[in-house]
There are 2 protein chains.
Amino acid sequence: MTATDSRIRELIVTPIAFRDPPLLNSSGVHEHLALRVILQLVLADGTVGLGESTGGDVRVERLRAAAQTVVGMDVFDTTAVSAAIDAALQPTVPSSHERGWTTSAVEVACLDAQGKLLGRSVSDLLGGTVRDRVPFAAYLFYKWAGHPALDGNPAVGDDWGEALDPAGIVEQARLMQQRYGFRSFKLKGGVFPPDEEIAAMRALAEAFPGRPLRLDPNTAWTVKTSRYVARELDGVLEYLEDPTPTIAGMAEVAKTSPMPLATNMCVIAWEHLRPAVEQNAIQVLLTDHHYWGGLRRTRELAAVCEAFGIGLSMHSNSHLGISLAAMTHVAAAIPNLDTSCDTHYPWNSADDVVVPGALELRDGAVRVPTGPGLGVELDHDALERLHRLYLDSGMKARDDTGYMRRVHPEYEGKLPRW
Amino acid sequence: MTATDSRIRELIVTPIAFRDPPLLNSSGVHEHLALRVILQLVLADGTVGLGESTGGDVRVERLRAAAQTVVGMDVFDTTAVSAAIDAALQPTVPSSHERGWTTSAVEVACLDAQGKLLGRSVSDLLGGTVRDRVPFAAYLFYKWAGHPALDGNPAVGDDWGEALDPAGIVEQARLMQQRYGFRSFKLKGGVFPPDEEIAAMRALAEAFPGRPLRLDPNTAWTVKTSRYVARELDGVLEYLEDPTPTIAGMAEVAKTSPMPLATNMCVIAWEHLRPAVEQNAIQVLLTDHHYWGGLRRTRELAAVCEAFGIGLSMHSNSHLGISLAAMTHVAAAIPNLDTSCDTHYPWNSADDVVVPGALELRDGAVRVPTGPGLGVELDHDALERLHRLYLDSGMKARDDTGYMRRVHPEYEGKLPRW
């Protein structure tokens, strides 16, 4: 077998928007559209690799700069491709975490293209699978019944209903379980005073005995409040996620917390690992291939966690099927990624950009696609429709706080809040 | 492109021996033959992946057990292949480091087979190269002029000559430079009293001003002696390698050492990383894909070093071309493996098992082979000859101390010695 021409001819960057329910969190509430960006990495021979990342004009512009950088490079040189993008962004983007969003998205597209070129799945390129089904957790949110009427647009409901108290959360969890068979549950907290969220977790524990439960208030609490909640939920939570800001704050909470602390907020770049370990700030890292440098770097990050006795789980943002496929491949390849992963997919899958059939959330898990590359195919009509939705929206960035203020003008963005 | 049948049909394990000069070290002296083992991993379609590792009957037997374990597994499932071998060995081999020798050898053979199947180089499977030439250091040894006459065998000289003092070491370094263009130098120490080895390093510094120099006494010294040598060689050494045994001992030396301390002896398995970091015992890790789990695991190890600010270099044992190719591919793929690597190749290359042409040590570096897989081809006649040499030798394990005692019966194996 001889190698085909595997140089990158073009990187097509397409910003999109898709419908999103009014999910509440510590910064406000999800707007009626979520922004995302789809990558098509075209090789000299016409092979196309897919990528997906968070949207917003700033990140889209960086991906367009990356597109200029990578043309002519070999798609197998993923390390060099990432380094070239990183170097190109460095003068204007000082944060390595922020640069990581760009390099990561391109790396996934490179691996998808490699797999398609070679006739092998992305997980094969990562060392093969150690599990053929990747378990995900039901991602529960406090939410309004629907988006309110605004700007002359009518109110928009959804088939999940309102969830603003423990009973609403338990009902949502039951729906999640019925529809997708989830066996573990995570609540996005930081929305109501801590005692209400403690009550919600206790209600979930009663409704789903023995199921792993997690609570993520997105740094809504002080160290003192975090310690109080941790004590109250002893025996209830599998882990407590990002109760308070900063590595130092987490380390303070960890000293007395009866359960492991997890993060996807205070350890989000390679240079954060050393201080986090030195301060024993976290016991579980929620990795995210979208900013840790891609799928190979996620394996490397898993090795760091293995070496330092840190547990591993996976973070999610609002996403579609290309990201779900990538998350599934990498999670299937990493032995110590052995807790269920987060996913927003049930909230957004109706607007997917991939051809249906390759991905299914069933019994709380996704079977690893076996086709070449990521194993998913782009639905070009859907892409066009979602791109138009983005253009028509006029939206430039996610703004949960601003949206909340339009409905509740008295709302104050404040972290920690309690 | 559709995937071919990539299951493993057979793993052929061939112990070999090859000629080795009388190289002195802290445990004695190299025997006239070095033991090694060559792997041929045969896939269902006949594709063959090559591997090479240290020999000796114990390790050969473990590889034969691994051969039973991996038949029928998919060659792309390298993580699962390693896990299966590890699990099979666990009841009888408690040391994870020792099990690592076996899993590593098979992983390299898997990657070579993958590359051959896909028409891509092993470095492509590791994320591509970030350098197309990998620099190596001249590996200097105190040595006798030749092997003495023993057991009715005649004395055997070589074209390196004797090196038993500073002048001899400088002369050997000049030969190494002339023949291979090396630009950095490492002396295997721990042979003579420390002041004699300090003198040798100073002589090298004078003869090769500005060239990186290293000294490796293989734990021949106490903490006190190590601190003394480190002080004396301030400004002379790039790093000091394994002056004293154990992580705790190295940490004591590191407290006062003016130069970085390196190791391939006290941090040799994943569970050693955490204590080494916590005690700040080492500043440079000499990785070795032969025991850290293979080439992908070496990349992961490099990420651990990156995250914790540990420098990276590469260890070598007596080896032939399959190992050199693997070392070159992985070193070319890892951005932070940016110091020259160790290699014994000049001492042993005359007996190579690979067809000449793919590997050349020139200007102190090896160009990364570009052919599929490792880019080297097995010389079956050479393999047969070296296998016969092994069988005829009756040797079962390396024994530097025993060999030294046959020549100098008063020699005592003792570490640390000074």
Side-chain angles (χ1 to χ4, degrees), chain A residues 1-4 6 47 73-83 107 110-111 114-121 123-131 269-274 276-278 292-294 296-297 299-310 332-335 370-372, chain B residues 1-4 6 47 73-83 107 110-111 114-121 123-131 269-274 276-278 292-294 296-297 299-310 332-335 370-372:
Chain A
M1 223 192 105
T2 51
T4 50
S6 49
T47 300
M73 295 187 78
D74 192 298
V75 74
F76 285 90
D77 286 338
T78 52
T79 307
V81 164
S82 291
E107 194 250 14
C110 285
L111 286 179
Q114 288 184 23
K116 284 173 173 162
L117 211 55
L118 301 174
R120 307 296 317 191
S121 71
S123 39
D124 277 350
L125 302 178
L126 300 173
T129 56
V130 292
R131 52 187 73 85
W270 287 82
E271 61 268 28
H272 302 155
L273 289 164
R274 190 174 186 170
V277 164
E278 284 172 352
W292 277 99
R296 284 222 184 84
R297 287 295 260 173
R299 273 219 77 151
E300 295 175 19
L301 179 64
V304 175
C305 289
E306 177 194 350
F308 288 87
I310 297 171
I334 296 177
T370 52
Chain B
M1 225 192 103
T2 50
T4 50
S6 48
T47 300
M73 295 186 77
D74 192 298
V75 74
F76 284 91
D77 285 338
T78 52
T79 307
V81 164
S82 291
E107 194 251 12
C110 286
L111 286 179
Q114 287 183 23
K116 285 173 173 163
L117 210 57
L118 302 174
R120 307 296 316 192
S121 71
S123 39
D124 277 351
L125 303 179
L126 299 172
T129 57
V130 293
R131 52 187 73 84
W270 287 81
E271 61 268 28
H272 303 156
L273 290 163
R274 190 175 187 170
V277 164
E278 284 173 352
W292 278 98
R296 284 221 183 84
R297 287 294 259 173
R299 272 218 78 152
E300 295 175 18
L301 180 63
V304 175
C305 290
E306 177 193 350
F308 288 87
I310 297 172
I334 295 177
T370 52

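Of all the listed residues (A:Ala303, A:Ser6, A:Cys110), the one sharing the greatest number of non-hydrogen pairs under 4.5 Å with chain B is A:Ala303. Looking only at heavy-atom pairs under 4.5 Å with chain A, the residue among B:Ser123, B:Ala307, B:Ala80, B:Ser121 that has the most is B:Ala307.
The contact between B:Val304 and chain A is made by backbone and side chain atoms together, counting heavy-atom distances below 4.5 Å. Neither the backbone nor the side chain of A:Ala302 comes within less than 4.5 Å of any heavy atom of chain B. Interface remark: B:Glu306 contributes side-chain atoms only to the contact with chain A (heavy atom separation under 4.5 Å). Within the 4.5 angstrom heavy-atom criterion, no atom of B:Val81 approaches chain A. Only the side chain of B:Arg296 comes within less than 4.5 Å of a heavy atom in chain A; its backbone stays farther off.
Distance OG1/A:Thr78 to CG/B:Asp124: 9.0 Å, rounded to 0.5 Å. One distance of note links CZ of B:Arg297 with CD of A:Glu300; it measures 11.5 Å at 0.5 Å rounding. Distance CZ/A:Arg120 to CZ/B:Phe76: 4.0 Å, rounded to 0.5 Å.
Smallest separation of non-hydrogen atoms from A:Leu126 and B:Thr79: O-OG1, 4.4 Å. Shown here for B:Arg274 and A:Phe308, the closest heavy-atom pair between the two residues is NH1-O, 3.1 Å.
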